[in-house]
Amino acid sequence: RYAQGRDMKAGDILEAAGTDIDAWYAGFEDVQGSPELAEDMHVLIGNYLVELGHAEVAEQHLIPALALREERLGRDHLKTMSTLMAVAQLRHAQGEMRQSDALSAEVEAWALENEGTIPTEMLLHRVEILQDLTRWKEALPLAEEVLARLDRVQFDVANNGFTHEEIELRAKGMLAKILLVTWQFEQDPESREQIIERGNDLLEEVIERGAASPGMGPLHPVTLDSRTMKAMWMWARGTGTQAAFDDAIEETTRVHGEKSMFTMELLRIKGSILYTKQQFEQSTQVLRTLIETMEGMISQEHPLFQEVQMY
């Protein structure tokens, strides 16, 4: 299609590739493990489609794969639980937060009883969901648990292709964000400053190590997310500028896309900071544009949607 002059995006390519999985593997019935390979491919493509914002198509891959794995392997098998977390992330992307919470909580309970790379990654996904539910006090100890596990488990490349360093820095970036929200719940001034200092130190570590890593670099999503959070934090605290945060949002949008949850969360933060700085006209403009982007994409029950409507 590209040769015919049609510029296909990654999501379009994955959608096209996913249509023939079962037919392709049906031609290899004599190959040992071919049904399992087909399931693996459905889950892989489904996961990527969720990340790229093609949730409805992803559902056509993930839901049947979960049913097949549960029937073949049982509910408590690692691959079934991994697929269950993928479905939880799918529901999260669709704004079905109650279902996403229930499914990911089930996976969390299982993963806490099982060591290893994949259970640790599952817990990291659970942290993401808890963050979006603004359940910071639950997210904090779980993020600490993920980092403690990563200290105990070393690997070159995880099941989903990410390196140990990428997952470690991603977890540290998440923990930094949690700390830079939860400091306000601490009553003791000295403890508050310690929490803020640790959050900033983690952001600096992620930015420096991510930018210097041969496999990541300054425009890697993990590095970029922490740079953006740093710019936001400095602007909110009066030690940075709105222009620097705007530049970071623009760069993030180029990498993640304007409809990614992270980009929309950043715009929500920008609108709320403008509101607290009494720049009401700018705040309203940012948040109205954000609502237009979210409408038809995520449920109005989604915490992000509800927070924006509060303003």
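Counting from 1, the numbers follow the sequence of the chain as shown. Just so it is clear, the values below take in all heavy atoms, side chains as well, and ignore hydrogens, waters and symmetry mates.
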ask   = Hey, are Q99 and Q94 close enough side-chain-wise for a donor-acceptor pair under 3.5 Å?
value = no

query = Using a distance-only test with no angle check, is there a side-chain donor-acceptor pair under 3.5 angstrom linking H220 and E166?
reply = yes

message = Is there a side chain to side chain contact (heavy atoms under 4.5 Å, CB included) between T241 and D246? Walk through the geometry before answering.
response = CA-CA 9 Å; T241 64; D246 286 341; over 6 Å; no

query = Can we say D225 and K177 salt-bridge, meaning some charged N sits less than 4.0 Å from an Asp/Glu carboxylate O?
reply = no

task = Could you give me the CA-CA distance, side-chain angles and deciding distance for S82 and M122, then say whether side chain to side chain contact (heavy atoms under 4.5 Å, CB included) is met?
result = CA-CA 7 Å; S82 178; M122 293 177 187; 3.6 Å; yes

request  = Decide whether a cation-pi geometry holds between R237 and W183; the criteria are a distance under 6.0 Å from NZ or CZ to the six-membered ring centre and an angle within 45° of the ring axis.
outcome  = yes

Distance-minimising heavy-atom pair for E145 and L123 = CG-CD1, 4.3 Å

inquiry  = Could you list the cluster mates of V222? Members are the ILVMFWY residues connected by side-chain heavy atoms closer than 4.5 Å, either directly or through other members.
reply    = L169, V206, M216

task = Could you tell me which non-hydrogen atom of L133 sits nearest to which non-hydrogen atom of M97, and how far apart they are?
result = CD2-CE, 3.7 Å

key: SB check E144 R198 (cutoff 4.0 Å)   = yes

ask   = When you look at CD of Q285, are more than 12 heavy atoms from neighbouring residues, nucleotides or ligands closer to it than 6.0 Å?
value = no

inquiry  = Can you see whether E186 engages Q194 through a side-chain donor-acceptor pair at a distance of less than 3.5 angstrom?
reply    = no

key: Closest heavy-atom pair and its distance - L90, A58   = CD1-CB, 4.2 Å

request  = Classify the side-chain pair T252/T228 by whether it contains a donor and acceptor separated by less than 3.5 Å.
outcome  = yes

request  = Apply the test side chain to side chain contact (heavy atoms under 4.5 Å, CB included) to residues R268 and M264: give CA-CA distance (whole Å), side-chain angles for both, the deciding distance (0.1 Å), then the verdict.
outcome  = CA-CA 6 Å; R268 196 278 304 168; M264 291 192 291; over 6 Å; no

key: Heavy-atom pair of closest approach, residues L224 and E251   = CD2-O, 3.6 Å

request  = Taking all heavy atoms of W110 and all of H77, pick out the closest pair and write down the distance.
outcome  = CZ2-C, 4.4 Å

request  = Give the minimum heavy-atom separation between A171 and L147, together with the two atoms involved.
outcome  = CB-CD2, 3.8 Å

task = Indicate whether the side chain of S100 and that of Q89 have a donor and an acceptor atom separated by less than 3.5 Å.
result = no

query = So, are E106 and R126 salt-bridged, with charged N and O less than 4.0 Å apart?
reply = no

inquiry  = If only side-chain N and O atoms count, and only distance matters, is there a donor-acceptor pair under 3.5 Å linking T80 with R75?
reply    = no

Pi-cation contact, F185 with K137 (under 6.0 Å, within 45°) = yes

inquiry  = Closer than 4.0 angstrom, basic N to acidic O: yes or no for R288 and E292?
reply    = no

